[in-house]
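Reminder, nothing fancy here: chain letters follow the sequence lines and each chain counts from 1. All of these numbers come straight from a predicted model, not from anything done at the bench. Excluded from the calculations below are hydrogen atoms, water molecules and symmetry mates; all remaining heavy atoms, backbone and side chain alike, are included.
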Number of protein chains: 2
Amino acid sequence: MAHDQLKLSNQICFPVYAASRLITREYQPHLDELGITYPQYIALMVLWEKDEISVNEITQKLILNTNTVTPLLKRMELQGLITRQRSNTDERKVIVKLTQKGKALEEKAAEIPQKLIEGLADSNMTVNELISLKESLYQIINFLHNK
Amino acid sequence: MAHDQLKLSNQICFPVYAASRLITREYQPHLDELGITYPQYIALMVLWEKDEISVNEITQKLILNTNTVTPLLKRMELQGLITRQRSNTDERKVIVKLTQKGKALEEKAAEIPQKLIEGLADSNMTVNELISLKESLYQIINFLHNK
DNA sequence: AAATAATATGTCGCAAGCGATATAAATAAA
DNA sequence: TTTATTTATATCGCTTGCGACATATTATTT
């Protein structure tokens, strides 16, 4: 190995990438009970926070492109979680709205964050470490997102 | 919004997930010059560190499953970056070996980490923050991976 | 008003990622 | 030495994620 900077352990990207997948795996059994995937879960979180928003607002919040979000929303529509309807005031926009089924999921989903934290309880991570971790990640996200 | 714990900003998973995608996007232009993707890049990093290893060793290092790694390696074989060959001593194993082309890429790739750090220079992240971030992530990774 | 640019959403093709499952070889147990 | 179990790799089907590109609507310019 001629280049130490190419060691996996010296990279910042790899631990972020690996942690992301491992944490998503932790969500999976809980999300399975709701019959949704992780991207569907965070899309629902956006809608639970503010209903009847455009596709574009969702892509902004999730930092995803329309070519990812549109098919995602279509699958959610097929599952009966949301409706998609062209805006009357601006025909370019599509307004996404929660159905009763989509709204009802919020109550069940509300228990998931607590379960996740319990799952991390034995990891020796302090609350302060987790807060600091989140702040560092948002610093990177905000910087790269507005670049 | 009846449940604050369901706010996107209160989650630990979302910033990890978003940061992972944004950082990978930063790599993309540099990796494009080498004609490889990010997962191919980290697979090569493993091989540059130790050549002629089994598929299983690669899945362990990358924390991925064989159903992800096998197709990844097949694409890399098609590109002439590696060879895949059944082990003589244990016919279950497939040994992955860098080709000259795969080895040659290391020199070009060696410049990428520096470029990435330069790209983050204006983010106001200190070196200590980055080190602390990496440590926290590995704490989560090690915990979840060995769970 | 006509032409141009910007905005919003969408399709297509491809590479990941992974659950479920299959197959073959090596190892352990009977 | 059969039989059962473990290990290693692979296939299939599905959802993501994204670059390249297409289409329609709105806003701006000429």
Does OP1 or OP2 of [N] have a side-chain N or O of [X] closer than 4.0 Å?
{"X": "A:Thr70", "N": "C:dT11", "answer": "no"}
{"X": "A:Tyr17", "N": "C:dG17", "answer": "yes"}
{"X": "B:Arg75", "N": "C:dA16", "answer": "yes"}
{"X": "A:Lys93", "N": "D:dT26", "answer": "no"}
{"X": "B:Arg25", "N": "D:dG17", "answer": "no"}
{"X": "A:Thr37", "N": "D:dT16", "answer": "yes"}

Legend entry - Pairing of B:Glu57 and B:Lys61 as salt bridge, 4.0 angstrom limit: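 Salt bridge: no.
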>> Under 4.0 Å between a side-chain nitrogen and a carboxylate oxygen: does that hold for B:Glu77 and B:Arg84?
In response: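 Salt bridge between B:Glu77 and B:Arg84, a charged N being under 4.0 Å from a carboxylate O: yes.
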A:Val96 and side chain to side chain contact (heavy atoms under 4.5 Å, CB included): which partner among A:Leu81, A:Val55, A:Thr83, A:Val69?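 The passing option is A:Val55.
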Within this structure, what is the [atom1]-to-[atom2] distance between [X] and [N], rounded to whole angstrom?
{"X": "B:Ile42", "N": "C:dG17", "atom1": "CD1", "atom2": "P", "answer": "7 Å"}
{"X": "A:Leu73", "N": "C:dA8", "atom1": "CG", "atom2": "C1'", "answer": "13 Å"}
{"X": "B:Ile95", "N": "D:dA10", "atom1": "CD1", "atom2": "P", "answer": "11 Å"}
{"X": "B:Ile58", "N": "C:dA16", "atom1": "CD1", "atom2": "P", "answer": "13 Å"}
{"X": "A:Tyr27", "N": "C:dC18", "atom1": "OH", "atom2": "P", "answer": "16 Å"}
{"X": "B:Met76", "N": "C:dC14", "atom1": "CE", "atom2": "C1'", "answer": "17 Å"}
{"X": "A:Leu64", "N": "C:dG10", "atom1": "CG", "atom2": "P", "answer": "15 Å"}
{"X": "A:Gln40", "N": "D:dG17", "atom1": "CD", "atom2": "P", "answer": "10 Å"}

- request: If you link ILVMFWY side chains whenever their heavy atoms are less than 4.5 Å apart, which other residues fall into the same cluster as A:Val127? By chain and number, please.
  value: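 A:Ile131, listed by chain and number.
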Closest-nucleotide 5' rank along DNA chain C - winner of A:Asp90 and B:Leu72 =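 Between the two, 5'-proximity favours A:Asp90.
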Quick check: on DNA chain C, is the nucleotide nearest A:Thr68 upstream (toward 5') of the one nearest B:Asn65, or the reverse? Name the residue that is more 5'.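 Whichever sits nearer the 5' end wins; that is A:Thr68.
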Given D:dT9, D:dA8, D:dC18, the nucleotide with the shortest approach to the side chain of B:Arg92:
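The listed nucleotide nearest to B:Arg92's side chain is D:dA8.
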**Prompt:** Which one, D:dT7, D:dT25, D:dT15, comes nearest to the side chain of A:Glu91?
**Reply:**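 Output: D:dT25.
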task: Determine the contact category for A:Thr24: base if any of its heavy atoms lies under 4.0 Å from a base atom, sugar-phosphate if only primed atoms, P, OP1 or OP2 are that close, otherwise nothing.
output: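 No contact at all - A:Thr24 keeps every heavy atom at 4.0 Å or more from the nucleic acid.
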- Query: What is the nucleic acid contact for A:Gln28, judged by heavy atoms within less than 4.0 Å: base, sugar-phosphate only, or nothing?
  - Reply: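 Contact class for A:Gln28: none.
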Check your understanding: Which residues satisfy the salt bridge (Lys or Arg N to Asp or Glu O under 4.0 Å) test with A:Glu135, sequence neighbours excluded?
Key ->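 Per chain and number, A:Glu135 pairs via salt bridge (Lys or Arg N to Asp or Glu O under 4.0 Å) with no residue.
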Using heavy-atom distances to pick each residue's nearest nucleotide on DNA chain D, tell me which of B:Ser54 and A:Thr89 is more 5'.
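It is B:Ser54, whose closest nucleotide lies nearer the 5' terminus.
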A:Leu137 versus B:Pro15, closest heavy-atom pair with distance: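 Nearest pair, atom of A:Leu137 first, then B:Pro15: CB-CB, 3.9 Å.
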Would the base of D:dA10 count as contacting B:Thr66 through its side chain, where contact means a donor and an acceptor less than 3.5 Å apart?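 Side chain to base: pair present.
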| Under-3.5 Å donor-acceptor pair between B:Asn67 side chain and C:dG17 base |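 No such pair is found, so the answer is no.
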